[in-house]
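Reviewing the structure listed below.
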Amino acid sequence: MIKIVIAIILLLALISLTSGFFFLIKDGAKSTRLLTSLKYRIGLIVLLIAVVSYGFWSGQLVTHSPWAAIH
């Protein structure tokens, strides 16, 4: 379940990134839509970090890296 939430947050951040690029190219200097898109993207990435941290803390996400097995 947590992996689906992470994928949705990443998708929303990607949509915000592409809309910000569109606003950068098409809007004039007086538009604030680029800044609003940046605010949403920063909020989504902070939420993503919190969800991933919770996933590792709760044990729902685990790493399979070779150095993680060394105690």
Side-chain angles (χ1 to χ4, degrees):
M1 180 68 179
I2 199 162
K3 291 179 184 179
I4 295 170
V5 172
I6 291 171
I8 291 171
I9 294 172
L10 280 174
L11 182 64
L12 290 173
L14 185 62
I15 290 170
S16 175
L17 181 66
T18 55
S19 66
F21 178 71
F22 176 76
F23 297 149
L24 178 66
I25 298 298
K26 296 292 179 183
D27 285 352
K30 295 180 182 179
S31 177
T32 60
R33 293 193 302 177
L34 180 62
L35 182 60
T36 304
S37 174
L38 178 64
K39 289 177 188 178
Y40 284 132
R41 192 165 53 249
I42 289 172
L44 286 168
I45 297 304
V46 168
L47 179 64
L48 179 68
I49 291 171
V51 169
V52 169
S53 298
Y54 173 75
F56 279 118
W57 178 77
S58 68
Q60 295 178 10
L61 294 176
V62 294
T63 181
H64 295 290
S65 60
W67 54 85
I70 301 171
H71 296 294

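Fair warning: this is a prediction, and the values are worked out from it, not measured in the lab.
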- Message: Suppose we screen for side-chain contact (heavy atoms from CB on, under 4.5 Å). Which residues come up paired with L34, at least two apart in sequence or across chains?
- Response: F23, L24

Quick one: side chains of residues 13-22, donor-acceptor pairs under 3.5 Å with protein atoms, not counting sequence neighbours, listed by atom name and distance.
| unit_1 | atom_1 | unit_2 | atom_2 | d |
| --- | --- | --- | --- | --- |
| S16 | OG | S37 | O | 2.9 |
| S16 | OG | S37 | OG | 3.3 |
| T18 | OG1 | L14 | O | 3.3 |
| T18 | OG1 | I15 | O | 2.9 |
| S19 | OG | I15 | O | 3.3 |
| S19 | OG | S16 | O | 2.9 |

- Query: What about Y40 and L11, same hydrophobic cluster or not, with Ile/Leu/Val/Met/Phe/Trp/Tyr joined at side-chain heavy-atom distances under 4.5 Å?
  - Reply: no

- Can you list the residues that meet the side chain to side chain donor-acceptor pair (under 3.5 Å) rule with S65, with sequence neighbours excluded? T63, W67

- Give every residue pair that meets the salt bridge (charged side-chain N to carboxylate O under 4.0 Å, His left out) criterion with at least one member in residues 45-63, sequence neighbours excluded. none

- For residues 7-18, pull every pair meeting salt bridge (charged side-chain N to carboxylate O under 4.0 Å, His left out), keeping only residues two or more places apart or in separate chains. none

Enumerate, atom names and distances included, each donor-acceptor pair closer than 3.5 Å involving a side-chain atom of residues 43-61, sequence neighbours excluded.
| unit_1 | atom_1 | unit_2 | atom_2 | d |
| --- | --- | --- | --- | --- |
| S53 | OG | I49 | O | 2.8 |
| S58 | OG | Y54 | O | 3.0 |
| S58 | OG | G55 | O | 3.4 |

